[in-house]
Amino acid sequence: MTFGFASSSAASLSTSASTASASRLLEPAEWAAAGIPLLRNPREVVSGLHARHHPKPQTAVIAVLDPEERLCASASFTRRPAPADGWMFRNALLSQLRRVIPHDLRRRTPVRTAVLLYCREGDGRWTEEDGAWMWGLRDACTLHGLRCGAYITLTQEGWQVLGEGRGGRRPHAHSAPEPFALAQAPPLAPRSGGPVSEVLRRAAAR
């Protein structure tokens with residue numbers, strides 16, 4: 001009788017823990033409705049992080065971007081072999097953020113944005129693991145005073161910004177990283193025309 005009661009309690013605790021874990025994830029519709037800011041040039045961000053960190057499957061790369069989408073700081077780590085749980089992912093991301101960049105909790109409005117690139121096996125379709133990473137990213141950003149930015153998967157099919165429908169074939173989960181210099185955007189060409197260029201043209205002609 002006692003054994004049966006203990007077994008029932010254990011099952012109840014297991015079910016309760018499973019329910020709590022399932023609630024710590026975001027569905028694609030919830031993520032899309034959260035107002036996540038769009039990246040102006042997602043391929044440049046993905047290629048830059050891939051060149052810096054050379055992620056392999058099970059590797060997460062957390063990056064902080066300034067308002068001009070320049071990289072302020074980034075860190076990568078390998079996911080531990082455990083069930084996907086947003087709370088655990090939140091703690092791991094927050095630990096990395098605290099290690100590489102001061103918090104912005106004193107600001108009334110977040111200025112910097114954190115984005116997450118996660119390299120995994122499988123295809124680019126949303127999984128519950130992705131949902132747990134989304135939950136963890138959103139919560140970690142709140143606790144560190146950052147805006148929650150894009151969640152990007154890197155699979156054998158290529159990269160994809162979930163919730164936006166933007167992606168590309170390279171880099172992918174098993175591709176060699178590009179040389180770092182090639183992963184950066186080329187400098188903007190000077191604009192021609194206008195009064196300033198006219199003054200410079202006249203000065204050069206003298």
Side-chain angles (χ1 to χ4, degrees), residues 23-77 79 84 86 89-90 92-94 96-97 104 109-175 177-178 182-186:
S23 68
R24 292 192 287 262
L25 61 82
L26 294 176
E27 299 280 349
E30 295 176 290
W31 184 257
I36 305 299
L38 301 179
L39 289 169
R40 290 195 295 271
N41 193 336
R43 188 190 187 285
E44 180 181 329
V45 172
V46 172
S47 296
L49 294 178
H50 188 262
R52 282 177 180 271
H53 294 279
H54 308 179
K56 300 297 181 187
Q58 306 300 312
T59 301
V61 181
I62 181 74
V64 180
L65 309 177
D66 71 8
E68 300 303 317
E69 220 167 85
R70 292 186 296 256
L71 184 65
C72 299
S74 63
S76 61
F77 60 97
R79 186 197 161 205
F89 290 168
R90 185 276 308 272
L93 293 171
L94 194 56
Q96 296 297 323
L97 287 171
D104 276 349
T109 304
V111 173
R112 297 181 292 190
T113 302
V115 300
L116 177 61
L117 172 71
Y118 182 57
C119 182
R120 62 169 173 78
E121 300 289 1
D123 56 34
R125 288 176 294 182
W126 181 89
T127 66
E128 288 192 357
E129 182 184 22
D130 295 324
W133 279 116
M134 290 170 167
W135 191 97
L137 175 63
R138 185 185 65 176
D139 219 41
C141 288
T142 299
L143 294 173
H144 208 65
L146 302 169
R147 282 201 311 172
C148 179
Y151 172 69
I152 306 160
T153 58
L154 194 67
T155 67
Q156 61 187 5
E157 295 179 348
W159 59 272
Q160 181 172 332
V161 185
L162 291 194
E164 293 185 22
R166 292 191 290 174
R169 293 183 179 179
R170 294 190 65 86
H172 56 75
H174 302 288
S175 62
E178 297 177 354
L182 297 181
Q184 304 305 301

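Starting from 1, each residue takes its place in the sequence as its number. When reading the values below, keep in mind they use all heavy atoms of this one structure, side chains included, and skip hydrogens, waters and symmetry mates.
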Chemist: Taking atom NE2 of His54 and atom OG of Ser76, what is their separation to the nearest 0.5 Å?
Modeler: 10.0 Å

Chemist: Would you indicate whether Arg40, at its atom CZ, is surrounded by more than 12 heavy atoms from other residues, nucleotides or ligands within a distance under 6.0 Å?
Modeler: yes

Chemist: Which heavy atom in Leu137 sits nearest to a heavy atom in Ala150, and how many Å separate them?
Modeler: CD2-O, 3.9 Å

Chemist: Quick one: CG on Leu117 to CH2 on Trp133, what's the gap to the nearest 0.5 Å?
Modeler: 11.0 Å

Chemist: Ignoring hydrogens and geometry, is there a side-chain-to-backbone donor-acceptor pair from Arg166 to Leu39 under 3.5 Å?
Modeler: yes

Chemist: Quick check: do His50 and Ser175 have side-chain heavy atoms less than 4.5 Å from each other?
Modeler: yes

Chemist: Mind checking whether Glu129 and Arg79 have side chains closer than 4.5 Å, heavy atoms only?
Modeler: yes

Chemist: Minimum heavy-atom separation for Trp126 and Met134, please, with both atom names.
Modeler: NE1-SD, 3.8 Å

Chemist: What are the two closest non-hydrogen atoms of Gly136 and Leu93, and how far apart are they?
Modeler: C-CD1, 3.8 Å

Chemist: When you compare the side chains of Tyr151 and Asp130, does any donor N or O come within less than 3.5 Å of an acceptor on the partner?
Modeler: yes

Chemist: Side chains of His174 and Glu121: does their closest heavy-atom pair fall under 4.5 Å?
Modeler: yes

Chemist: Is any side-chain heavy atom of Pro28 closer than 4.5 Å to one of Leu162?
Modeler: no

Chemist: Does a donor on one side chain and an acceptor on the other come within less than 3.5 Å for Thr142 and Asp139?
Modeler: no

Chemist: How many angstroms lie between atom CD1 of Ile152 and atom CD of Gln160, to the nearest 0.5 angstrom?
Modeler: 10.5 Å

Chemist: Check this for me: Glu128, atom CD, are more than 12 non-hydrogen atoms of other residues, nucleotides or ligands nearer than 6.0 Å?
Modeler: no

Chemist: Nearest heavy-atom pair of Thr113 and Pro37: which atoms, and what distance?
Modeler: CG2-CG, 4.3 Å

Chemist: Hey, could you give me the CZ/CZ distance between Arg24 and Arg90, rounded to the nearest 0.5 Å?
Modeler: 9.0 Å

Chemist: To the nearest 0.5 Å, what is the distance between CG (Leu71) and CG (Leu49)?
Modeler: 6.0 Å

Chemist: Would a distance-only check, ignoring hydrogens and angles, find a side-chain to backbone donor-acceptor pair under 3.5 Å from Trp159 to Arg170?
Modeler: yes

Chemist: Counting N and O atoms only, with roles assigned by atom type, does the side chain of Gln96 sit under 3.5 Å from a partner on the main chain of Ile62, one being a donor and the other an acceptor?
Modeler: no

Chemist: Quick one, Val64 and His144 - any side-chain contact, counting heavy atoms below 4.5 Å?
Modeler: no

Chemist: Quick one: closest heavy-atom pair of Leu146 and Ala114, and the distance?
Modeler: CD1-CB, 3.9 Å

Chemist: So, Ser74 versus His53: side-chain donor-acceptor pair below 3.5 Å or not?
Modeler: yes

Chemist: Find the distance between CG (Asp104) and CZ (Arg147) and round it off to the nearest 0.5 Å.
Modeler: 11.5 Å

Chemist: I need the minimum non-hydrogen distance between Ala60 and Leu116, along with the two atoms involved.
Modeler: CB-CD1, 4.1 Å

